[in-house]
Trainee: 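Sending over a structure as structure tokens; questions will come in a sec.
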Amino acid sequence: EPVGEAIKGILKNDIEPMIQAQLPKSLNKLHFTKISFGDKPVTVNQFRVETQESESNAVELQFDVDFDGILTVGLSVIGAHSFGIKSVELHGRLGVVFKPLVRHIPVVGGIHVFFVNMPEIKITFDDLAKIANSKMISSVINNVITTQVSQLCVLPNRFTMKTADQIDGLFLHPFPEGVLRVCMKNAEGLKAADRHLLRAATSDPYVRLYLGDAEHKTITKWETTSPEWNESFDFIVSDKRQDLRLRLWDSDMYDSDDALGECQVRVLDLLQQEGTTKLDVQKGGGVINIEAQWFSLSDKQERGFDPTK
């Protein structure tokens, strides 16, 4: 019940204003009229104790979290026009860290809860098709909810709670493991998404890179299925078990961009490669060539890291 009330508060107080701000004036009166949860419980599995090379005074549990049930959310747009969120699916790997360990009751000085990577979230709407601009509304709601989850509890962000008064507040901001520099070199044999009458099909590819709550984007390369980028991007890494995700898109000037495929690799696995790493593009075909460099950060702040300073 406390968790449910907290989620209701986030939906009404945080997500609703963010949705309104991103909709055009004719739709920005959208608001939540009803929020209720079904009786299907969250399931957890693949439970195990994890260790991190940067954590010597902590115990971490990791497990898969799956929710696939009813979440009844009523929304209204300008009076009588209403629709709802019929169901929500969420699948991700959750980490719970007990740190620091202390020599007295309650033994644990604090608790951290986070998703190692962005969880998969799927939202199913009810009666949205009857409303004009339904595609825009669904896109805004999906983007806002995904952004909010990322900013709340996807590494490096986390829920934290102190359980011992003597613990310094710096434990709320654990020191990152380091910085990953990714060089997007090139791709080969990508899917041709643009058809032409008098010349061969081609694409205008670009890549979005994701790690934790951070995102970067390459420039677009026009009319090629074997683009050369040679662009570098830096990501702060809280845990080498995080995934680097690459999503390829075909840029379209007059329509929504077409998906060309995606790749995913764990940071730890990437750093074990020497030189160029080839990644097969799933759901589209072709390969991406990338290079990675690792930069360790200073560990002089042993108790924690405050990113605001």
Trainee: Side chain to side chain contact (heavy atoms under 4.5 Å, CB included), that's the test. Do S232 and R181 meet it? Break it down for me.
Mentor: CA-CA 7 Å; S232 294; R181 177 165 295 168; 4.3 Å; yes
Trainee: Assess whether side chain to side chain contact (heavy atoms under 4.5 Å, CB included) is satisfied between K240 and L271, documenting all intermediate values.
Mentor: CA-CA 9 Å; K240 288 180 182 175; L271 294 176; 4.3 Å; yes
Trainee: Okay, side chain of E223, backbone of S203: is any donor-acceptor separation there less than 3.5 Å?
Mentor: no
Trainee: Working to the nearest 0.5 angstrom, can you tell me the gap between E215 CD and M118 CE?
Mentor: 11.5 Å
Trainee: Measuring only between side-chain heavy atoms, which start at C-beta, is V88 closer than 4.5 Å to K122?
Mentor: no
Trainee: Find the distance between CD1 (I123) and CD1 (I141) and round it off to the nearest 0.5 Å.
Mentor: 7.5 Å
Trainee: For the residue pair E188 / N289, report whether a side-chain donor-acceptor contact shorter than 3.5 Å exists.
Mentor: yes
Trainee: If you take all heavy atoms of N230 and E228, which pair is closest and at what distance?
Mentor: ND2-OE1, 3.8 Å
Trainee: What distance separates N117 CG from D239 CG, expressed to the nearest 0.5 Å?
Mentor: 8.5 Å
Trainee: Under the side chain to side chain donor-acceptor pair (under 3.5 Å) rule, what do R93 and Q62 come out as? Steps first, then yes or no, please.
Mentor: CA-CA 7 Å; R93 187 143 189 88; Q62 281 204 9; 3.1 Å; yes
Trainee: Are the side chain of T224 and the backbone N or O of S226 linked by a donor-acceptor pair below 3.5 Å?
Mentor: yes
Trainee: Can you name the side chain to side chain donor-acceptor pair (under 3.5 Å) partners of D252, sequence neighbours left out?
Mentor: none
Trainee: Would you say that D66 contacts N45 through its side chain, given a criterion of any heavy-atom pair below 4.5 Å between the two side chains?
Mentor: yes
Trainee: Please list all pairs meeting side-chain hydrogen bond (donor to acceptor under 3.5 Å, both in side chains) that have one or both residues in residues 256-276, counting only residues at least two apart or in different chains.
Mentor: Y206-D257, D243-Q264, R266-D269, T276-E291
Trainee: Hydrophobic clusters here meaning ILVMFWY residues chained together by side-chain heavy-atom distances under 4.5 Å, can you tell me if L246 and V265 are in one?
Mentor: yes
Trainee: Where do A201 and R195 come nearest, in terms of heavy atoms and distance?
Mentor: CB-NH1, 3.3 Å
Trainee: Membership question, hydrophobic clusters at under 4.5 Å side-chain separation (ILVMFWY): are V281 and L279 in the same one?
Mentor: yes
Trainee: Is the distance between the ring centroids of H216 and F235 under 6.0 Å?
Mentor: yes
Trainee: Between W294 and S296, is any side-chain donor less than 3.5 angstrom from a side-chain acceptor?
Mentor: yes
Trainee: How far apart are the closest heavy atoms of G284 and K191, and which atoms are they?
Mentor: O-CB, 3.7 Å
Trainee: Please state whether the rings of F47 and F63 are parallel, tilted or perpendicular, taking 30° and 60° as the class boundaries.
Mentor: parallel
Trainee: Search all heavy atoms of V108 against all heavy atoms of K99 and return the closest pair with its distance.
Mentor: CG1-N, 4.0 Å
Trainee: Is any side-chain heavy atom of I290 closer than 4.5 Å to one of L270?
Mentor: yes
Trainee: Between S150 and T146 (side chain of the first, backbone of the second, donor and acceptor by atom type, cut-off under 3.5 Å), is there such a pair?
Mentor: no
Trainee: Evaluate I288 against L248 for side chain to side chain contact (heavy atoms under 4.5 Å, CB included), listing each step before the verdict.
Mentor: CA-CA 10 Å; I288 284 184; L248 293 93; 3.4 Å; yes
Trainee: Do L211 and F233 have side-chain heavy atoms sitting under 4.5 Å apart?
Mentor: no
Trainee: Taking side chain as C-beta onward, heavy atoms only, is F115 less than 4.5 Å from L155?
Mentor: no
Trainee: I'd like to know if V149 and V42 are part of one continuous hydrophobic network [Ile/Leu/Val/Met/Phe/Trp/Tyr, side-chain heavy atoms within less than 4.5 Å].
Mentor: yes
Trainee: Assess R247 against Y210: is NZ or CZ under 6.0 Å from the centre of the six-membered ring, and within 45 degrees of the ring's axis?
Mentor: yes
Trainee: Let me confirm one number: the CG-CD1 distance from L61 to I111, rounded to the nearest 0.5 Å.
Mentor: 10.5 Å
Trainee: When rounded to the nearest 0.5 angstrom, what distance separates OG1 in T218 from CH2 in W229?
Mentor: 5.5 Å
Trainee: Is there a path of hydrophobic side-chain contacts, each under 4.5 Å between heavy atoms of I/L/V/M/F/W/Y residues, joining I236 to V182?
Mentor: no
Trainee: If we check side chain to side chain contact (heavy atoms under 4.5 Å, CB included) with Q242, which of these qualifies: V116, L268, L180?
Mentor: V116
Trainee: Decide yes or no on side chain to side chain contact (heavy atoms under 4.5 Å, CB included) for V154 and F114, but give the supporting numbers first.
Mentor: CA-CA 6 Å; V154 177; F114 53 84; over 6 Å; no
Trainee: Are the side chains of C183 and Q293 in touch, meaning some heavy atoms are under 4.5 Å apart?
Mentor: no
Trainee: Can any side-chain N or O of S238 pair as donor or acceptor with the backbone N or O of P176 at less than 3.5 Å?
Mentor: no
Trainee: If you count every heavy atom of other residues, nucleotides or ligands that lies below 6.0 Å from K217 atom NZ, does the total exceed 12?
Mentor: yes
Trainee: With the threshold set at 4.0 Å, does a side-chain nitrogen-carboxylate oxygen contact exist between R48 and E60?
Mentor: no
Trainee: Does L152 reach the side chain of N157, with side-chain heavy atoms less than 4.5 Å apart?
Mentor: no
Trainee: Starting at OG1 of T220, measure out to CH2 of W249 and round the result to the nearest 0.5 Å.
Mentor: 12.5 Å
Trainee: If two hydrophobic side chains count as joined below 4.5 Å and joins carry through other members, does M184 share a cluster with L260?
Mentor: yes
Trainee: Taking everything shown except K12 itself, do over 12 heavy atoms lie less than 6.0 Å from its NZ?
Mentor: yes
Trainee: Compare all side-chain heavy atoms of I10 with those of Q148 and state whether any distance is below 4.5 angstrom.
Mentor: yes
